[in-house]
Protein chains: 2
Amino acid sequence: MYHSQSRGPMDRAIAMPADAGETLFVQSEACESLCEIRCGIARAIDLSRDGERQVMAFFFPGDFLGLPLTIGHRFSAEAVGPLMFARHSSAKWQAELASPSQANANWASEAIWREEKAFMMRGLILGRVGALARVSAFLDYVMPRLPRDGQIIEFSLPQADIASYLALSPETVCRTLKQLREHRVIAMPRKNRLIMQRADQLAMIAQGTHI
Amino acid sequence: MYHSQSRGPMDRAIAMPADAGETLFVQSEACESLCEIRCGIARAIDLSRDGERQVMAFFFPGDFLGLPLTIGHRFSAEAVGPLMFARHSSAKWQAELASPSQANANWASEAIWREEKAFMMRGLILGRVGALARVSAFLDYVMPRLPRDGQIIEFSLPQADIASYLALSPETVCRTLKQLREHRVIAMPRKNRLIMQRADQLAMIAQGTHI
DNA sequence: CGATGAATTGAGAAGCGTCAAAGTACGTGG
DNA sequence: CCACGTACTTTGACGCTTCTCAATTCATCG
């Protein structure tokens with residue numbers, strides 16, 4: 001990957017707060033701006049014609065979402081919890097893309113890839129068979145991106161969101177987390193707090209190993 | 001979407017044939033070239049560390065795949081059946097991206113979006129509950145992209161590929177197609193030949209309606 | 001006309017969704 | 001500081017869906 005340490009030409013934008021559940025942009029509205037997550041987690045939402053709602057992806061600090069690849073936004077975006085984000089002009093992005101600077105193009109590739117990867121990962125995770133493998137693959141994926149205080153990982157994703165993302169019922173997500181706790185793969189000292197006890201085993205379960 | 005009628009600055013590349021199952025490029029190898037599908041279907045394959053294989057996406061005529069967003073390819077690509085494709089230099093692509101032409105940038109956005117959409121769609125389809133909804137959503141998605149002769153659609157995807165893509169067993173895919181046939185939603189006069197009898201109903205089933 | 005791989009069908013077991021109810025955390029207002 | 005309401009999580013029981021394994025039929029190609 002290119003230039004992962006730099007935010008490129010859009011460094012100076014000022015971060016704004018958003019409350020839990022707040023909408024950042026709406027599916028199929030014109031791509032006038034794109035968002036950069038600074039702190040907290042955002043979710044990408046698809047609303048199908050019959051009103052069914054799906055969590056398509058989660059975005060974490062450093063990610064860009066809502067890139068103007070099409071005229072209209074391809075999904076809606078919402079804050080999962082309290083969020084800090086920066087809003088950039090799509091026009092500026094387009095200009096940067098077409099600018100004669102190789103550095104900008106590489107930086108754009110990095111941003112695009114981070115967005116695309118989020119969607120690709122959902123497919124890979126949902127491709128696993130069994131709730132245990134799916135939940136484990138999900139944890140394996142999000143863990144490194146969550147804020148941590150030593151061993152303690154701040155795990156403040158509602159299980160309903162995880163369930164929608166993983167195409168499981170909330171009950172199954174809960175039961176599966178319990179199973180992982182009982183086998184001491186993870187520990188949850190409190191709701192929203194998580195400790196990785198056996199990262200290696202989690203990865204193996206994600207790949208289909210029976211517990 | 002931008003400029004969907006033009007292939008942009010890479011119009012003139014010569015199409016090459018590939019046999020069924022042939023590899024176009026390999027995951028994590030350097031992105032030296034990217035592929036444009038001219039005729040036939042290609043599949044994107046992910047190989048996880050333990051050797052598990054997943055079909056992540058299908059690509060159709062007009063699609064580009066293997067775009068150099070990262071140093072190495074993010075997936076492997078193979079021909080599903082006999083294929084015609086053009087190979088373009090990644091360096092040329094990067095140069096186009098950084099060129100001062102707005103048209104090129106828009107054309108690049110279009111190509112990126114078509115690749116990203118393929119991955120996004122898998123997530124959306126796998127997000128549906130039940131084999132019937134998943135298979136129906138899949139058919140709804142691929143139908144318009146398959147070559148057709150009047151009513152007859154050439155449907156030459158191995159069920160094993162569909163099963164891997166949908167995270168179902170091949171048997172379930174077979175049984176579900178049979179179910180759709182029995183309810184006269186589709187017809188398959190011969191293997192690899194498909195007729196859409198009730199496109200509207202297929203879309204409804206994809207959204208969760210019971211048959 | 002056989003040989004090979006793909007598709008089909010059946011039967012049994014396991015896993016997950018659904019529904020319903022109870023428990024827990026957290027913020028609000030008294 | 002405590003009582004309360006709300007939203008989320010947890011738990012249990014049951015039925016249906018889907019996976020697995022195995023056998024058979026079907027297409028395609030040499």
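As a basis for the values below, the full set of heavy atoms in this structure was taken, side chains included, without hydrogen atoms, waters or symmetry mates. Order of the sequence lines sets the chain letters (A, B, ...), proteins ahead of strands, with each chain counted from 1.
- Between A:R193 atom CZ and D:dT9 atom P the separation is 14 Å, expressed in whole Å.
- Nearest nucleotide to the side chain of A:P158, out of D:dA13, C:dA11, D:dT9: D:dT9.
- Computed from coordinates, the B:L132 CG to D:dC16 P distance equals 16 Å when rounded to whole Å.
- In summary, the side chains of B:D46 and B:Q27 do present a donor paired with an acceptor at a separation below 3.5 Å, with no hydrogens or angles considered.
- Spacing between atom CD1 of A:I162 and atom P of D:dC8 amounts to 13 Å, rounded to whole angstrom units.
- Of the side-chain N and O atoms in B:K178, one or more sit less than 4.0 angstrom from OP1 or OP2 of C:dT9.
- The base of D:dG12 lies close enough to the side chain of A:R175 for a donor and an acceptor atom to sit less than 3.5 Å apart.
- Not less than 6.0 angstrom separates the ring centroid of A:W107 from the ring centroid of A:W113.
- The NZ atom of B:K191 sits 10 Å away from the P atom of D:dC26 (whole-angstrom rounding).
- Of the possible donor and acceptor atoms, one in the side chain of B:R128 sits under 3.5 Å from a partner among the backbone N and O of B:A206.
- The interatomic distance linking A:L166 (CG) with C:dG15 (P) rounds to 18 Å, in whole Å.
- Residues B:N192 and A:T172 each lie close to DNA chain C; by heavy-atom proximity, the contact nearer the 5' end of the strand is made by B:N192.
- Nearer to the 5' terminus of DNA chain D, by closest-nucleotide assignment, is the contact made by A:Q159 (compared with the other of A:Q159 and B:A167).
- Residue whose closest nucleotide on DNA chain C sits further toward the 5' end, between A:R190 and B:V129: B:V129.
- Ring centers of B:F64 and B:F59: at least 6.0 Å apart, outside the cut-off.
- We find that CE of B:M188 is positioned 9 Å from P of C:dA7, with the value rounded to whole Å.
- Distance A:D161 CG to D:dA7 P: 15 Å, rounded to the nearest Å.
- Nucleotide C:dA25 holds its P atom 17 Å from the CZ atom of A:F155, rounded to whole Å.
- Here the nucleotide nearest the side chain of B:S169, chosen from D:dT11, D:dT20, C:dT18, is D:dT20.
- B:D63 pairs with exactly one of B:K117, B:R114, B:R38 by the salt bridge (charged side-chain N to carboxylate O under 4.0 Å, His left out) rule, that one being B:R114.
- DNA chain D is contacted by both A:R181 and B:V173; A:R181 maps to the nucleotide lying nearer its 5′ end (nearest heavy atom per residue).
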